[in-house]
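Have a look at the structure below, then the notes.
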There are 2 protein chains.
Amino acid sequence: MSETLSIGQVAERTGLSVHTLRFYEREELLTAPVTRDTGRRRVYTEDDVEWLTMCANFRATGMPLPVIRAYAALVRQGPGNEQDRLNLLREHERRIAERMSDLAACQELISYKVRVYESRVAHGTTGGL
Amino acid sequence: MSETLSIGQVAERTGLSVHTLRFYEREELLTAPVTRDTGRRRVYTEDDVEWLTMCANFRATGMPLPVIRAYAALVRQGPGNEQDRLNLLREHERRIAERMSDLAACQELISYKVRVYESRVAHGTTGGL
DNA sequence: GCTTGATCTAGAGTGCGCTCTAGCTCGCCG
DNA sequence: CGGCGAGCTAGAGCGCACTCTAGATCAAGC
């Protein structure tokens, strides 16, 4: 098993750019310090890939970097703060749900507009907005 | 009927700030030129409020300003381009649906994590990430 | 008349999350 | 040995959508 991955390989696997990977490291979003090889090149592990994939998920659902940083800090601290991590995840879960219901509401409004225009196009009628 | 509204009143009704209202006007997001009173103050109509409310909905669902600008331009042009407006709305509808399914997928992943931590907290066990 | 509060303009500043640049080093292939 | 491609750092730049500032003007109330 090749436990060691280059930044390029990690980029490919996680879908994050190498720029973003270095950026995330600077921003202290990682759960463990990235080791280096003889030439100071970063060496990643499968765990890093797993964590970074989760980060990508968090980002895709709108979690701000400071929150990810906080979560990462908890993980770095080690066992004992599971309740804190849970609270953080639940809070994010709540926000996703909120966001989805907002989206659903707007979606409905837009669907209505679409139907209006469909009927206008079908019947050759016109109207406002 | 007070057909005329000040920028402050419109801000209150639409939830957009007065800054944002002026900004949207500069950005050509409006469907009609805003008239002015004797003192060069903006005078809005109910139609403006309706349109701006729709803009707020568009923004809340992630429609970029250039797309809103394009839609506004179509409305300004008047009748005859209903098909174009419809295409634009449908495209946005599609993107909202896409976004919602992405969110749902991530939500599921996070719910799983939450369950993992719940059981850890409940049983006093520990683990990674 | 004077003050207060809303509005006006042009333009600068902000926050977020990247994204890119310049100039360097390193390991490898032929 | 030469050259390429990947990686390195520090730091600048960018895109988006606001958001705010300064300094002026105006309408209304005391």
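Every heavy atom of this structure was used, including side-chain atoms; hydrogens, water molecules and symmetry mates were not. In what follows, chains are A, B, ... by sequence order, proteins preceding strands, each numbered from 1.
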May I ask you to say whether A/Glu27 pairs ionically with A/Arg22, meaning some side-chain N is under 4.0 Å from a carboxylate O?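 Between A/Arg22 and A/Glu27 there is no salt bridge, as every charged N stays at least 4.0 Å from the carboxylate O atoms.
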Residues A/Arg42, A/Glu25: salt bridge by 4.0 Å N-O rule: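 Yes, this pair counts.
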Over how many whole Å does the gap from [X] atom [atom1] to [N] atom [atom2] extend?
| X | N | atom1 | atom2 | value |
| --- | --- | --- | --- | --- |
| A/Glu12 | D/dG7 | CD | P | 10 Å |
| A/Glu27 | C/dT19 | CD | P | 14 Å |
| B/Asp37 | D/dA27 | CG | P | 7 Å |
| B/Leu21 | C/dT9 | CG | P | 13 Å |
| B/Glu25 | C/dG11 | CD | C1' | 16 Å |
| A/Ile7 | D/dT9 | CD1 | P | 8 Å |
| A/Arg36 | C/dC26 | CZ | P | 13 Å |
| B/Phe23 | C/dT9 | CZ | P | 15 Å |

Side chains of A/Asn87 and A/Glu91, donor plus acceptor under 3.5 Å: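 No.
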Determine: side-chain N/O of [X] to OP1/OP2 of [N], distance under 4.0 Å, yes or no.
| X | N | answer |
| --- | --- | --- |
| A/Arg40 | D/dT9 | no |
| A/Arg59 | C/dG17 | yes |
| A/Ser6 | D/dG7 | yes |

Let me spell it out: for each of B/Pro66 and B/His19, pick the nucleotide of DNA chain D with the closest heavy atom. Which residue's pick is nearer the 5' end?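 Its nearest nucleotide being more 5', the pick is B/Pro66.
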Side-chain-base donor-acceptor pair under 3.5 Å for A/Arg41 and C/dC26: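 Yes.
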When you get a sec, tell me which of [options] is the closest nucleotide to the side chain of [X]?
| X | options | value |
| --- | --- | --- |
| A/Thr38 | C/dG17, C/dG27, C/dC18 | C/dG27 |
| B/Leu65 | C/dC8, D/dC18, C/dT19 | D/dC18 |
| B/Arg42 | D/dT19, C/dC8, C/dT19 | C/dC8 |

Within 45° of the six-membered ring axis of B/Tyr117 and under 6.0 Å from that ring's centre, is NZ or CZ of B/Arg120 located there?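 Because its charged atom sits under 6.0 Å from the ring centre and within 45° of the axis, B/Arg120 does stack over B/Tyr117.
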Between A/Tyr24 and A/Gly39, which is nearer to the 5' end of DNA chain C once each is assigned its nearest nucleotide?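 With A/Gly39 and A/Tyr24 compared, the 5'-side residue is A/Tyr24.
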Can any side-chain N or O of B/Thr53 pair as donor or acceptor with the backbone N or O of B/Val49 at less than 3.5 Å?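 At least one qualifying donor-acceptor pair exists.
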